[in-house]
Amino acid sequence: MTTLSMSDLMPALPELWVAAASLVLLLIGTFRGDRGTGLVSWLSIAVLIIAAVLVVSGPQDKTVTFGGMFIVDAFGVFAKVLALLGSSLAIIMSLGYLRNEGMARFEFPILIVLATLGMMMMISANDMMSLYLGLELQSLALYVVAAFKRDSVRATEAGLKYFVLGALSSGMLLYGISLIYGFTGSTNFVQLAETLRSTDVAHSVGLIVGLVFLVSGLAFKVSAVPFHMWTPDVYEGAATPVTAFLAAAPKIAAMALFLRTLVAPFMEAFAQWQQIIVVIAIASMALGAFAALRQDNLKRLMAYSSIGHMGYALMGLAAGTSQGLQGVLVYLALYLVMNVGTFAAILTMRVRGTMVEGVNDLAGLGKSNPMMAFALAILMFSLAGIPPMAGFFGKFYVFLAAVDAKLYVMAVAGVLSSVVAAYYYLRIIKVMYFDDPAESFEQPMPGEMRAILAVSGAFTLLFVLYPAPLLAWARIAAGALLP
Amino acid sequence: MVLQEITFYLFSAIIVASGVMVIAARNPVHSVLFLILAFFNAAGLFILVGAEFLAMIMVIVYVGAVAVLFLFVVMMLDINYVELRQGFLNYLPIGALIGFILLVELVFVLGTRFATPETVGATGAPIPPLSEMTNTEALGQVLYTRYIYLFQASGMVLLVAMIGAIVLTLRERGGVRRQSIARQVARRRDEAVEVRKVTPGSGI
């Protein structure tokens, strides 16, 4: 009989903190009612920031606990900090919206905190079972958040669609896990790697079929083609702060889970999963580029843009080298900053008390609000990958890794689709600066939005001057995953 | 041994009979009640093989939750069951096919037991023999130690499900009479009770 001691719990301290704090927040919310939404929101942000501090100050080298189900390493620390940052920024961005749209209910920030707990558990998963439970915790909270604006038909539809397709993908994931368990006899990542090394099972059909189902389930969560169908509808239907949240933190957590699940246990079967990832990456980049060309709704456009960006990030995974993984991590960090900035801009688009989200509503922003237009232009240049903006470096590192791994077809496809994708990013800049002015947005912009937009704009513009810390940190994180 | 066999055949016969009645009963409420009977007898079978934990779970989860849910649905939804029954013969082939597939799968499961007997005991976490400890004790020994992380994580998932259900469906409606405990407690005797003299032969 095994017993748990305090030292077994310490590596999971950030998770325990978030779990316990979410229960306390729930109590505060229940006692204060919906009047307490602002208080609960700010407390949630504080909880997430404290969790980030605990993550950074916790163990950085490989520590395994809970019978090998939970792992803490430099990779996990990197991904968790990004996810926590994304979630707390999402709560900050939701504050004004919740007030204005009559959606101020205290459960919203709590659900985001619980989703973040799921993300942290996903990132630290070292066993198929803990992977699944983390994923479900995150997804379930996301389904509810997507339908949170329950009086809107579109939000309800978005939530339902997300739920049904998400349940389907969970089914595929579980089926894959059961096959893998059946053919290897273990669900633990370390033991799986050991079994694949010492036996011939890496080439058995059963394991490969299981792997395909596992990758399908994970590809759904990062919305990679051909499992992307839910993304545009959910992004468009859900309330805008929810979309801002969905596009940032969950994507990062799912991508980190994707990396760990393929690299840690299945590196011996690299040749098998590499082909799948190459196809998924090329298809995502192409679809992200072409499907967004004719979109006039900014949220839909950002959905296709995020599909494309996930394709670029997967390129680094397909390379399967330490350099490639470093590229993915850098890409994710920059993607987070750019996406949060862009959604901060979208969330300030209010005309006479209602939110607008069309590309044409931005017309003439260069004259009516030059600072916002300038920041948005920087972000668009960066999303398109034009040097010297930060987005260029994200793409640069994954392309470099792909070329080094001799995946020329994928690299060429990536370059071509980023040329196509540049069209719709640049179109937004053209509309802002050269089109006849539309009605200008409500002034003044909320302070928190202005701050987020300014910081993310400045970061993307100035990243070129001092990229070393992020690159070094990402290299340590990638090294922890792939020795 | 004879007693065990008699009990086994008794439980099995009742399960089969009530299984037939579930699809044959005219009244859907009777169908559900027969289903509950089948569940109870299946729990009895579990006890016979020494799986007392499964038996209790069977009663608590299937009878206590699932079947009662069925009963609620059957009673609350106004479905015309006579009409629903009309397509019975049309769906018979598909139903028979599914039944046949289930039968084949069961044969396979039993077949492996005879073809490769060594696979039977080869599980990742074998249960200790019944002579050492009961099922419930064995489960309890790993559930709160080895699998504590998964156990607690499942708890969080269920909490999110509960919050989600409340967030998405609970609406405050006006004009609903609610219990106000404070007002009930604050009520004094003289507000509620009045003593009158009643003269015999006449009412109040």
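Here the structure is a predicted model, which is why all the values come from computation and not from measurement. In the text below, chain A, chain B and the rest are named by the order of the sequence lines, each starting its count at 1.
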Asks: Is it the backbone or the side chain of L158(B) that comes under 4.5 Å from a heavy atom of chain A, or both, or neither?
Replies: neither
Asks: With heavy-atom distances below 4.5 Å as the criterion, would you say the side chains of I163(B) and V144(A) are in contact?
Replies: no
Asks: Using non-hydrogen atoms only, which part of L168(B) is less than 4.5 Å away from chain A: side chain, backbone, both, or neither?
Replies: both
Asks: Could you tell me whether M10(A) atom CE has more than 12 heavy atoms of other residues or ligands within 6.0 Å of it?
Replies: no
Asks: Let's test your reading of the structure: which of S130(A), A115(A), G134(A) forms the most heavy-atom pairs below 4.5 Å with chain B?
Replies: S130(A)
Asks: Go through the atoms of T187(A) and report whether side chain, backbone, both or neither lie under 4.5 Å from a heavy atom of chain B.
Replies: neither
Asks: Residues two or more places apart in sequence or in another chain: which of them pass salt bridge (charged side-chain N to carboxylate O under 4.0 Å, His left out) with R150(A)?
Replies: none
Asks: Might you confirm whether atom CZ of F163(A) has over 12 heavy atoms from other residues, nucleotides or ligands at distances under 6.0 Å?
Replies: no
Asks: To the nearest 0.5 Å, tell me how far L170(B) CG sits from E107(A) CD.
Replies: 8.5 Å
Asks: Could you give me the CA-CA distance, side-chain angles and deciding distance for D151(A) and R171(B), then say whether side-chain contact (heavy atoms from CB on, under 4.5 Å) is met?
Replies: CA-CA 11 Å; D151(A) 293 324; R171(B) 283 175 196 276; 3.2 Å; yes
Asks: Under a 4.5 Å heavy-atom cut-off, does chain A meet the side chain of L150(B), its backbone, both or neither?
Replies: both
Asks: Tell me, side chain or backbone of L9(A) under 4.5 Å from chain B's heavy atoms, or both, or neither?
Replies: neither
Asks: Please name the pair of heavy atoms, one in M156(B) and one in L114(A), separated by the smallest distance, quoted to 0.1 Å.
Replies: CE-CD2, 3.5 Å
Asks: Only one of L137(A), L142(A), I110(A), L117(A) clears side chain to side chain contact (heavy atoms under 4.5 Å, CB included) with V160(B); which?
Replies: L137(A)
Asks: In terms of the angle between their ring planes, are Y149(B) and F70(A) parallel, tilted or perpendicular, with boundaries placed at 30° and 60°?
Replies: perpendicular
Asks: Hey, could you give me the CD1/CG distance between I148(B) and D8(A), rounded to the nearest 0.5 Å?
Replies: 11.5 Å
Asks: Enter the distance from M162(B):CE to L140(A):CG here, rounded to the nearest 0.5 Å.
Replies: 12.5 Å
